[in-house]
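No hydrogens, no waters, no symmetry mates; every other heavy atom, side chains included, goes into these values. All figures in this text were calculated on a predicted structure; none of them were measured in a lab.
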Amino acid sequence: ILTNATGGLRPEHRPGDLVLINDHLNLTGINPLRGQLPAEWGPRFPDMTGAYDPALRGLAHRVADELGVPLSDGVYAGLAGPTYETPAEVRMAGILGGDLVGMSTTLETVAAREAGVGVLAAVSARARAEQRTDPRGARRLRLWRGPLGRGMFWLARLGLRRPPYVATILGRLQTPA
């Protein structure tokens with residue numbers, strides 16, 4: 001289970017909304033599978049068409065519904081960082097089909113899928129991506145204290161309240177449907 005705080009590209013994603021990643025665009029320019037890898041690590045060219053496990057996403061939606069937590073789906077555009085995106089990169093990610101943009105998750109997902117691990121990624125949309133930066137850094141600080149707090153509240157509720165979100169999902173994975 002992967003989590004992060006990310007920039008939103010869709011107008012309906014408000015800061016703090018929780019979104020499940022259903023696909024990604026690897027715009028980092030790198031791939032963790034390059035180079036010599038031991039054969040026992042997994043297939044050299046893993047199939048990424050189901051990188052974000054549909055069964056896990058379905059289960060996550062059912063548990064979120066039971067807890068009354070709003071949850072949507074989106075495509076994550078991963079860039080290399082470590083800087084926030086430029087306005088042109090934000091426009092590009094949207095044109096290419098991204099709903100969210102950030103600096104993590106894509107490479108971790110590729111590595112996990114190569115190892116045969118199912119991936120569920122839930123992210124908190126921090127802010128509209130084009131509004132994330134401020135030369136003084138004040139906007140980022142306000143987001144951590146304000147709208148991001150709503151997303152962190154939902155993540156905490158999903159993870160810590162009864163029934164615990166992650167524990168519920170894991171428990172259901174261990175029992176036949």
Side-chain angles (χ1 to χ4, degrees), residues 1-10 13 15-64 69-86 89-90 92-129 132 148 151-152 154-156 158-159 164-174 177:
I1 297 176
L2 302 174
T3 63
N4 72 49
T6 188
L9 296 173
R10 292 185 355 206
H13 285 158
D17 281 357
L18 286 182
V19 183
L20 290 182
I21 298 174
N22 59 16
D23 202 353
H24 72 240
L25 299 165
N26 182 358
L27 304 174
T28 65
I30 57 176
N31 188 303
L33 306 183
R34 282 188 182 162
Q36 296 291 347
L37 300 174
E40 62 269 14
W41 283 14
R44 182 66 176 160
F45 300 100
D47 182 2
M48 297 298 291
T49 56
Y52 299 91
D53 191 293
L56 291 175
R57 288 195 338 266
L59 178 57
H61 274 287
R62 288 190 300 279
V63 172
V69 175
L71 190 61
S72 62
D73 293 278
V75 174
Y76 184 82
L79 287 98
T83 59
Y84 285 121
E85 303 77 27
T86 67
E89 289 169 332
V90 168
M92 173 192 69
I95 289 168
L96 293 175
D99 301 309
L100 309 152
V101 64
M103 298 172 253
S104 66
T105 305
T106 55
L107 302 181
E108 294 90 333
T109 298
V110 170
R113 294 304 304 136
E114 190 258 351
V117 176
V119 176
L120 175 66
V123 303
S124 176
R126 271 186 52 194
R128 294 281 300 149
R132 287 202 303 180
L148 183 59
M152 292 299 110
W154 286 121
L155 285 173
L158 291 173
Y165 187 62
V166 173
T168 301
I169 291 172
L170 293 175
R172 291 187 189 177
L173 289 176
Q174 297 170 3

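Not counting sequence neighbours, the partners of Pro38 by the side-chain contact (heavy atoms from CB on, under 4.5 Å) test are Glu40, Trp41.
Of the inter-residue distances, the one linking Leu20 atom CG with Tyr76 atom OH reads 14.0 Å to the nearest 0.5 angstrom. Separating the CZ atom in Arg113 from the CG atom in Asp47 is a distance of 8.0 Å, to the nearest 0.5 Å. Atom CD of residue Glu89 and atom OG1 of residue Thr83 lie 6.5 Å apart, to the nearest 0.5 angstrom. To the nearest 0.5 angstrom, Leu18 atom CG is 11.5 Å from Asp73 atom CG.
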Does the pair Val119 and Leu56 meet the rule for a side-chain contact (heavy atoms from CB on, under 4.5 Å), with working shown?
CA-CA 8 Å; Val119 176; Leu56 291 175; 6.0 Å; no

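A heavy-atom distance below 4.5 Å is not found between the side chains of Glu85 and Met92. Looking at heavy atoms from C-beta onward, Asp53 lies out of side-chain contact with Leu120 at the 4.5 angstrom threshold. Using a 4.5 Å heavy-atom cutoff, the side chains of Leu33 and Pro46 are in contact. Two residues are said to be in side-chain contact when any heavy atoms from C-beta on lie closer than 4.5 Å; Leu2 and Ile21 fail this criterion.
Nearest heavy atom pair, residue Gly94 against residue Leu9, reads N-CD1, 3.9 Å. In this structure, Leu25 and Gly98 approach most closely via the heavy-atom pair CD1-N, 3.8 Å. Summarising the geometry of Val19 relative to Gly74, their closest heavy-atom pair is CG1-N, 3.6 Å, with the distance given to 0.1 Å.
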Name the atoms and distances for all side-chain donor-acceptor pairs under 3.5 Å in residues 100-111, with sequence neighbours left out.
residue: Ser104; atom: OG; partner: Asn4; partner atom: ND2; Å: 3.4
residue: Thr105; atom: OG1; partner: Asn4; partner atom: ND2; Å: 2.6
residue: Glu108; atom: OE1; partner: Thr105; partner atom: N; Å: 2.8
residue: Thr109; atom: OG1; partner: Tyr52; partner atom: OH; Å: 3.1
residue: Thr109; atom: OG1; partner: Thr105; partner atom: O; Å: 2.8

